[in-house]
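In what follows, every chain begins at residue 1, and chains take the letters A, B, ... in the order their sequences are listed.
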Amino acid sequence: MTRFAPSPTGFVHLGSLFASMVAMRLARQTNGVFYLRIEDTDKKREVEGGITKIVNALSKFGIYFDEGFDKDGNEFGNYGPYLQSKREEIYKSYIKSLIEKGLAYPCFCSPEEIEKQKEEQTAKDLRVGYYGTWAKCRNLSMEDIEKNIKEGKEFIIRLKSEGDIEKFIELNDLIRGNLSLPENDQDIVLMKTNGLPTYHFAHVIDDHLMKTTHVIRGEEWLPSASLHLQLFNIMGFKAPLYAHISTIRKQDGPSKRKLSKRKDPELSMEFYEKEGYPIQTVIEYLTNLANSSFEDWRKNNPLAPLEDYNIRLDNMSVSGPLFDIVKLEDISKTIIANMNTDEVFNLYNTWAKSFDADFAKIIEDNKEYYYNIFSIERGGVKPRKDFSKWSEVKNYISYFNDELFAENLVSGYIFDNLDTRREDIINTLQNYLSLYNENDNNEEWFDKIKVITDKIGYTKDMKQYKKNPGNFKGSIADVATFIRITMTNRKNTPDLHRIMIVMGKERVEKRIHMALEFLNKMQ
RNA sequence: GGCCCAUUGGUCAAGUGGUCUAAGACACCGCCCUUUCACGGCGGCUACAGGGGUUCGAAUCCCCUAUGGGUCACCA
């Protein structure tokens, strides 16, 4: 039984996705329950529609809850409410019993007073905070309390901590192992003036009542884990098991730092959608960050569903990993390479409809043509790894589109050494035009390239050519390049023969004529 | 500043006292395959932060130093 417990800010970043993914996978692996609880005790942070935004953003990356909230923001599950502000009465009743037991007390100190005290402590080089003799309201008499309340003074409820800063408490973290933390001696706030609990108190009450067995959260909570253990103990609850996940960092000049919302676009989930990284890419990258042995598993099980891999907490890194977009792209290329044409075609279309509507329309109008384009060299034993994200696709296949190809030609063809080779190129193209048969198979097609090579006096012997290029006018590779540039105006493309089959006879011939016209005009 | 956590190649990392002249992956470089590019194959590069201990033996345990990160709210 584990959970994801964000504030309803509506913003899901890579770190939250990471934590929630690990938590969910862990629950699923053990047939446990994974639920969503919204921590809205700070009304300032709340964003309109925040809950549905979070649920939707996570669901795009395959994160689903067994209890909590659905995509419309409707609550479901047996241990609710899952919205902390609706649990106010629950917290209050526990607070009451704590006060009765003398384990908590009202504090009337104003924020200004606390601030002043802090300055004094700093000036005296003392530990700051509300503790020991600094906890002024700790021993207020019943009369004082009543008087203050009568005067209408605002108050908060504080823990009457019996912890000793000199003593240590053992925490067996599922990721980090045995940790020794100093006890908490601060009279921390349990309930705020608005009547809602602080995170610490809500965490203890909710995770007990909701029967959470595993708390998976960011390492920023580690220092307060001691306090949480103390609270569980005072309440007489059994503490859950903790797993503190290290923060994903980024190299920024000489230092590593936390991913920041303002500086790092890759922190936001929208970035991955916009760039068009497949969902699986992001999840597999994060899984790999969680357990690096995942990549070995993936290598041995290239097509197995991700769910078959079990994440292990004790294999997770304790030092914060650096975010590496290059690695992510490599993973993405492999994932896309393993997809069949239908998948690529459909996923690309879905992406294009949202982020490149014009091109999506073009594809829609020429479905078969583009489907064939996507099928080039796909599905074999050695699939190409041409792109890592959908936003790269258009540029990659643009030469198939007559208009985009024409646009590209505005700056001319990219033939090398035109002045000396113009005749050879013209010769090649004219020969090719007469020999070309759209029904040729690869072998027949290549035989014709060989014929042309002979005719224009180039060599078919690449080994010899590579040894002594100066001995030859040119090679069969040059002939292929002439045709490649004529068709695509690029030097690097997938299999030329396949490209021409997809382009069709008419387009192939037209492009030869275009190139010939260009070459003849140069005279 | 106090406290906590960490530190293995450019990056992610395996490693839990002997099997470490330290795995694998990404990146980079070279070669092979090859009509181009990719894919693939082969090879190379580069690491236990530094210093002290403990031990027959340390990447692994202890201490110190350095560096990085986290935290010290009526925010979560």
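The residue Arg176(A) sits close only to the backbone: its heavy atoms come under 4.0 Å of sugar-phosphate atoms, none of a base. Within 4.0 Å (heavy atoms only), Trp445(A) reaches at least one base atom of the nucleic acid. Tyr396(A) comes within 4.0 angstrom of nothing in the nucleic acid, heavy atoms only.
G69(B) and U60(B) are spaced 23 Å apart, taking the C1' atom of each and rounding to whole Å. The separation of G51(B) from G44(B), taken at their C1' atoms, amounts to 33 Å, rounded to a whole angstrom. Between A23(B) and U16(B), the two C1' atoms lie 16 Å apart (nearest whole Å). Of the P atoms belonging to G40(B) and A47(B), the separation is 27 Å, rounded to the nearest Å. Look at the C1' atom in both C62(B) and C20(B): the space between them is 22 Å, to the nearest Å. Between G50(B) and C56(B), the two P atoms lie 25 Å apart (nearest whole Å). Taking atom C1' on both G10(B) and C29(B), the two are 14 Å apart, rounded to the nearest angstrom. When the C1' atom is compared between G70(B) and G53(B), the two are found 30 Å apart, to the nearest whole Å.
Between Lys299(A) and G24(B), a side-chain N or O to OP1/OP2 separation shorter than 4.0 Å is absent. Between Lys385(A) and G40(B) there is a side-chain polar atom (N or O) within less than 4.0 angstrom of OP1 or OP2.
Taking the ring centre of Tyr35(A) as origin, the terminal cationic atom of Arg37(A) falls outside the region bounded by 6.0 Å and 45° from the ring axis. In this structure, Arg421(A) forms no cation-pi arrangement with Phe415(A), as its terminal cationic atom is not both closer than 6.0 Å to the ring centre and no more than 45° off the ring axis. Figure legend: cation-pi geometry between Arg511(A) and Phe405(A), with NZ or CZ positioned under 6.0 Å from the six-membered ring centre and within 45° of its axis.
The aromatic rings of His200(A) and His228(A) lie tilted to each other, with the angle between the two planes from 30° to 60°. The aromatic rings of Phe323(A) and Tyr272(A) lie perpendicular to each other, with more than 60° between the two planes, well past the 30° mark.
Across C4(B), U36(B), G24(B), the shortest atom-to-atom separation from the side chain of Asp296(A) is found for G24(B). The side chain of Ser319(A) approaches A6(B) more closely than any other nucleotide in the set A6(B), A13(B), U35(B). Of the candidates C33(B), A27(B), U35(B), U35(B) carries the atom nearest the Arg484(A) side chain, counting heavy atoms from C-beta on. Of the candidate nucleotides A38(B), C26(B), C33(B), C26(B) has the atom nearest to the side chain of Lys327(A).
Between the CZ atom of Arg490(A) and the P atom of U35(B) there is a distance of 22 Å, given to the nearest Å. Note: CG (Leu496(A)) to C1' (A38(B)) measures 14 Å, nearest angstrom. For the pair Lys448(A) NZ and U35(B) C1', the computed distance is 17 Å after rounding to whole Å. Separating the CH2 atom of Trp297(A) from the P atom of A14(B) is a distance of 18 Å, rounded to the nearest angstrom. Protein atom CD1 of Ile245(A) is 16 Å distant from nucleotide atom C1' of G69(B), rounded to whole Å. For the pair Asp495(A) CG and C33(B) C1', the interatomic distance rounds to 15 Å; values are reported in whole Å. Rounded to whole angstrom, the span from the CD1 atom of Ile452(A) across to the P atom of U35(B) amounts to 15 Å. Separating the NZ atom of Lys450(A) from the P atom of U35(B) is a distance of 8 Å, rounded to the nearest angstrom.
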Where do N or O atoms of nucleotides 70-76 of chain B meet protein N or O atoms at under 3.5 Å, pair by pair?
residue, atom, partner, partner atom, Å
A73(B), OP2, Lys118(A), NZ, 3.1
C74(B), O2, Thr193(A), N, 2.9
C74(B), O2, Thr193(A), OG1, 2.8
C75(B), OP2, Lys192(A), NZ, 2.7
C75(B), O2', Asp42(A), OD2, 3.3
C75(B), O2', Arg45(A), NE, 3.4
C75(B), O2, Arg45(A), NH2, 3.4
A76(B), OP1, Thr41(A), OG1, 2.5
A76(B), OP1, Lys192(A), NZ, 2.5
A76(B), OP2, Tyr199(A), N, 3.3
A76(B), O3', Glu39(A), OE1, 2.5
A76(B), O2', Ser7(A), OG, 3.2

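Shown are Asn184(A), Leu181(A), Leu171(A); of these, the side chain to side chain contact (heavy atoms under 4.5 Å, CB included) with Leu229(A) is made only by Leu171(A). Shown are Arg45(A), Lys44(A), Gln84(A), Glu39(A); of these, the side-chain hydrogen bond (donor to acceptor under 3.5 Å, both in side chains) with Ser7(A) is made only by Arg45(A).
Remark: Ile175(A) CD1 to Leu313(A) CG distance equals 5.0 Å, nearest 0.5 Å.
A 3.5 Å limit on both hydrogen-bonding distances identifies no Watson-Crick or G-U partner for C37(B). Across all strands shown, G44(B) is found opposite C28(B) as a Watson-Crick or G-U wobble partner, with both distances under 3.5 Å. Look at G1(B): its Watson-Crick or wobble partner, with both distances under 3.5 angstrom, is C72(B).
Taking only distance into account, the side chain of Lys466(A) meets the base of U34(B) through a donor-acceptor pair shorter than 3.5 Å.
Closest-nucleotide positions on RNA chain B for Ser317(A) and Leu179(A) were compared, and the one nearer the 5' end corresponds to Leu179(A).
In this structure, a donor-acceptor pair under 3.5 Å is absent between the side chains of Tyr309(A) and Asn301(A).
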